[in-house]
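Written below as structure tokens is the structure these notes are about.
The residues of the chain are indexed from 1 along the displayed sequence. Predicted model, so just to flag it, every value in this text is computed and none were measured.
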Amino acid sequence: MMKKIGQVAGIILPILILICLACGFLLEPNNPNKTHIVEKYAGPSETYPLGTDALGRCELSRLLEGGRTTLGIVLLGACIVFVLGVALGLLFARTGGRTGVLSDSILNAVTAIPPLAYLIIMIGIWGNSIPTMIVALTVSLILRMIKLAMTLTEEEYGKAYARCAFASGASHFRILTVHILPVILPQLVQFLCLSCSDMILAISGFSFIGLSLGANVIDWGAMLADARGTFEMRPALLYYPIFLIFLSSLCFNLLGRHVVRRDF
């Protein structure tokens with residue numbers, strides 16, 4: 001009984017934390033972009049619960065706004081990766097012959113390119129923006145999801161239950177969607193959760209090194225970049241976004257860990 005309670009908590013608690021981080025902007029106490037120079041580096045107060053930054057902007061409001069930006073990109077990208085990646089992976093797994101060898105070879109070559117390369121190329125084409133970040137991250141992860149779905153589907157197609165279903169007259173579409181997909185779904189969801197953690201770190205890391213989402217866009221990586229110059233004066237400004245990056249990544253990792261447990 002206690003084991004099941006722990007497993008339920010291991011799924012529900014991370015989801016609740018992620019929802020709070022993604023929707024926290026609805027409770028912003030102040031305008032995250034409004035500056036108050038005379039109140040810069042103010043300590044925690046009733047007006048500014050976590051104090052202010054170098055321009056007198058409310059730190060809590062900026063953290064909540066950064067959660068909307070970062071997790072909004074991650075969740076939208078995850079939906080695109082999952083839907084297109086799984087659908088194309090199931091489709092390509094049954095192409096067979098030369099087409100299958102060709103598609104597999106192309107995927108092996110393209111997935112070897114790191115996400116940073118996609119981002120640099122697309123920033124050069126479209127400039128820094130949220131759509132550029134979404135496209136760069138999803139292109140890289142969709143290809144990896146396709147590869148994973150293809151590999152798992154081909155493994156399951158060789159097993160006895162799939163062969164029996166085919167011998168009984170079931171169509172390839174039914175075998176893929178009714179018999180194979182439920183079996184491989186936990187592993188696909190686990191990969192997606194781990195990919196969400198990678199996306200959080202990628203978005204924050206790119207913003208930190210200067211490949212931001214735009215001049216007026218707030219995200220946790222940009223907050224880290226702004227706070228590193230004031231570490232000695234207000235180290236908390238650096239700790240807050242680091243903690244939220246760690247917490248959100250941990251939540252996705254916990255979800256990925258629990259979703260593959262068959263005894264749940």
Could you pull out all residues at least two apart from Asn33 that satisfy side-chain hydrogen bond (donor to acceptor under 3.5 Å, both in side chains)?
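With neighbours one apart ignored, the set is empty.
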Euclidean distance, [Y] [atom2] relative to [X] [atom1], rounded to 0.5 Å:
| X | Y | atom1 | atom2 | value |
| --- | --- | --- | --- | --- |
| Ser195 | Ile200 | OG | CD1 | 11.5 Å |
| Arg234 | Thr52 | CZ | OG1 | 6.5 Å |
| Leu188 | Leu90 | CG | CG | 8.0 Å |
| Phe208 | Ile245 | CZ | CD1 | 9.5 Å |
| Thr153 | Ile175 | OG1 | CD1 | 12.0 Å |
| Ile19 | Cys251 | CD1 | SG | 10.5 Å |

Should [X] and [Y] count as side-chain neighbours, where that means a heavy-atom distance under 4.5 Å?
| X | Y | answer |
| --- | --- | --- |
| Phe206 | Asp219 | no |
| Met223 | Tyr240 | no |
| Leu224 | Arg228 | no |
| Leu143 | Lys147 | no |
| Val189 | Phe82 | yes |
| Pro241 | Leu63 | yes |
| Met199 | Leu141 | yes |
| Tyr239 | Pro235 | yes |

Applying side-chain contact (heavy atoms from CB on, under 4.5 Å) to Thr70 and Ser248, what does each step give before you reach the verdict?
CA-CA 10 Å; Thr70 303; Ser248 55; over 6 Å; no
Could you list the residues that satisfy salt bridge (Lys or Arg N to Asp or Glu O under 4.0 Å) with Asp198, not counting sequence neighbours?
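Per chain and number, Asp198 pairs via salt bridge (Lys or Arg N to Asp or Glu O under 4.0 Å) with no residue.
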Looking at Pro32, is its backbone amide N or carbonyl O close enough to the side chain of Ser61 to form a donor-acceptor pair, meaning the two atoms are under 3.5 Å apart?
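The answer is no, because no donor-acceptor pair under 3.5 Å joins these two groups.
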Closer than 3.5 angstrom, by distance alone: can the side chain of Asp53 be matched with the main-chain N or O of Leu237 as a donor-acceptor pair?
no
[X]-[Y] co-clustered via ILVMFWY side chain contacts under 4.5 Å:
| X | Y | result |
| --- | --- | --- |
| Val83 | Met150 | no |
| Leu201 | Leu194 | no |
| Val86 | Val178 | no |
| Phe25 | Tyr48 | no |

With a 4.0 Å cut-off on N to O distance, would you call Arg62 and Glu59 a salt bridge?
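Here Arg62 does not pair with Glu59 in a salt bridge, since their nearest N and O are not under 4.0 Å apart.
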For the residue pair Trp220 and Gly66, what are the closest heavy atoms and their distance?
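Residues Trp220 and Gly66, closest heavy atoms: NE1-C, 3.6 Å.
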Whether over 12 other heavy atoms sit under 6.0 Å from Phe246 CZ:
no
Should we count CZ of Phe243 as having more than 12 external heavy atoms under 6.0 Å?
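Incorrect, the count does not exceed 12.
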Evaluation steps, side-chain contact (heavy atoms from CB on, under 4.5 Å), between Arg57 and Asp226
CA-CA 12 Å; Arg57 297 171 296 190; Asp226 292 340; 4.1 Å; yes
Steps toward side-chain contact (heavy atoms from CB on, under 4.5 Å) verdict (Leu137, Met133):
CA-CA 6 Å; Leu137 293 176; Met133 181 67 73; 3.9 Å; yes
Applying side-chain contact (heavy atoms from CB on, under 4.5 Å) to Leu18 and Leu255, what does each step give before you reach the verdict?
CA-CA 11 Å; Leu18 291 172; Leu255 287 174; 3.9 Å; yes
Output the rest of the hydrophobic cluster of Ile37: all Ile, Leu, Val, Met, Phe, Trp and Tyr residues reachable through side-chain heavy-atom contacts under 4.5 Å, sorted by chain and number.
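Result for Ile37 is Leu55.
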